[in-house]
Amino acid sequence: MASFQEKVFRVVSQIPRGKFSTYKEIAKKAGSPRAWRAVGNILNKSASWRTKIPCHRVIKSDGKIGGYRYGIKKKITLLKKEGIIIKNGKITSRFKK
DNA sequence: AATGAGGCCCTAA
DNA sequence: ATTAGGGCCTCAT
């Protein structure tokens with residue numbers, strides 16, 4: 001273990017329902033603050049065989065949804081169901097820069 | 001403010 | 001061991 005992937009899963013799994021996180025944050029908590037790219041890549045492939053993690057609660061730092069293995073549209077729907085408001089494919093929050 | 005280009009980290013083949 | 005890809009991020013114009 002001790003793989004970056006394991007840490008990523010752990011962090012993503014710790015995301016409470018109704019909330020969301022960014023790739024950068026996850027990468028940082030995973031131990032590599034510059035590995036947000038790997039995070040997306042890992043979630044993309046790993047989510048295929050390990051969809052037990054809320055990968056749809058992970059968005060970009062700009063507030064955009066980003067992408068989703070099962071479809072960006074599905075991701076938006078899931079987020080909205082959790083209480084997150086999305087506007088034109090972007091999340092309305094106050095964590096803006 | 002929006003757009004373009006570059007670069008870092010990780011995994012798989 | 002090397003190459004290519006990815007759901008990105010940041011800087012510059």
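Just so it is clear: chains get the letters A, B, ... in the order the sequence lines come, proteins before strands, and each one is counted from 1.
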Would you give the length of the straight line joining atom [atom1] of [X] to atom [atom2] of [Y], rounded to the nearest 0.5 angstrom?
{"X": "A:T77", "Y": "A:I86", "atom1": "OG1", "atom2": "CD1", "answer": "8.0 Å"}
{"X": "A:K75", "Y": "A:R69", "atom1": "NZ", "atom2": "CZ", "answer": "13.5 Å"}
{"X": "A:I91", "Y": "A:F20", "atom1": "CD1", "atom2": "CZ", "answer": "4.5 Å"}
{"X": "A:C55", "Y": "A:L43", "atom1": "SG", "atom2": "CG", "answer": "6.0 Å"}

In dot-bracket notation, what is the pairing pattern of DNA chain C, taking Watson-Crick (N1-N3 plus N6-O4 or O6-N4) and G-U wobble (N1-O2 and O6-N3) contacts under 3.5 Å, with [ ] crossing and | for other strands? .|||||.||||||
With a 3.5 Å cut-off and sequence neighbours excluded, list the donor-acceptor pairs that the side chains of residues 24-35 of chain A form with protein atoms.
none

Return each pair, listed once, that meets side-chain hydrogen bond (donor to acceptor under 3.5 Å, both in side chains) where at least one residue sits in residues 80-91 of chain A; pairs must be two or more places apart or across chains.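 Counting only pairs at least two positions apart or across chains, the side-chain hydrogen bond (donor to acceptor under 3.5 Å, both in side chains) contacts touching residues 80-91 of chain A are A:H56-A:E82, A:R57-A:E82.
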Atom [atom1] of [X] to atom [atom2] of [N]: distance rounded to whole Å?
{"X": "A:K64", "N": "C:dT10", "atom1": "NZ", "atom2": "P", "result": "13 Å"}
{"X": "A:K90", "N": "B:dA2", "atom1": "NZ", "atom2": "C1'", "result": "11 Å"}
{"X": "A:F4", "N": "C:dG6", "atom1": "CZ", "atom2": "P", "result": "18 Å"}
{"X": "A:D62", "N": "B:dA2", "atom1": "CG", "atom2": "C1'", "result": "12 Å"}
{"X": "A:R69", "N": "C:dG5", "atom1": "CZ", "atom2": "C1'", "result": "13 Å"}
{"X": "A:K60", "N": "C:dT10", "atom1": "NZ", "atom2": "P", "result": "11 Å"}
{"X": "A:K75", "N": "C:dG7", "atom1": "NZ", "atom2": "P", "result": "11 Å"}

Any residue of residues 23-32 of chain A with a heavy atom less than 4.0 Å from an atom of DNA chain B: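 Correct list: A:S32.
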Does a nitrogen or oxygen in the side chain of A:N44 sit under 4.0 Å from OP1 or OP2 of C:dG7?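 So the side chain of A:N44 is within the cut-off, an N or O lying under 4.0 Å from OP1 or OP2 of C:dG7.
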What nucleotide among [options] has an atom nearest to a side-chain atom of [X]?
{"X": "A:R37", "options": "B:dC10, C:dC9, B:dG7", "answer": "B:dG7"}
{"X": "A:S3", "options": "C:dC8, B:dC9, B:dT11", "answer": "B:dT11"}
{"X": "A:L43", "options": "B:dC9, B:dT11, C:dG7", "answer": "C:dG7"}
{"X": "A:N41", "options": "B:dT11, C:dG5, C:dC8", "answer": "C:dG5"}

Can you list the residues that meet the side-chain contact (heavy atoms from CB on, under 4.5 Å) rule with A:K19, with sequence neighbours excluded?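 Result, side-chain contact (heavy atoms from CB on, under 4.5 Å) vs A:K19: A:P16.
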What are the two closest heavy atoms between A:I53 and A:S13, and how far apart are they?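 Reported closest heavy-atom pair: CG2-OG, 3.4 Å.
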So which heavy atom on A:I15 is nearest to which on A:S21, and how close?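 That closest heavy-atom pairing would be CD1-CB, 3.7 Å.
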Identify whether any heavy atom of A:A38 sits under 4.0 Å from a base atom; if not, whether one sits that close to sugar-phosphate; answer base, sugar-phosphate or nothing.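 The residue A:A38 makes base contact.
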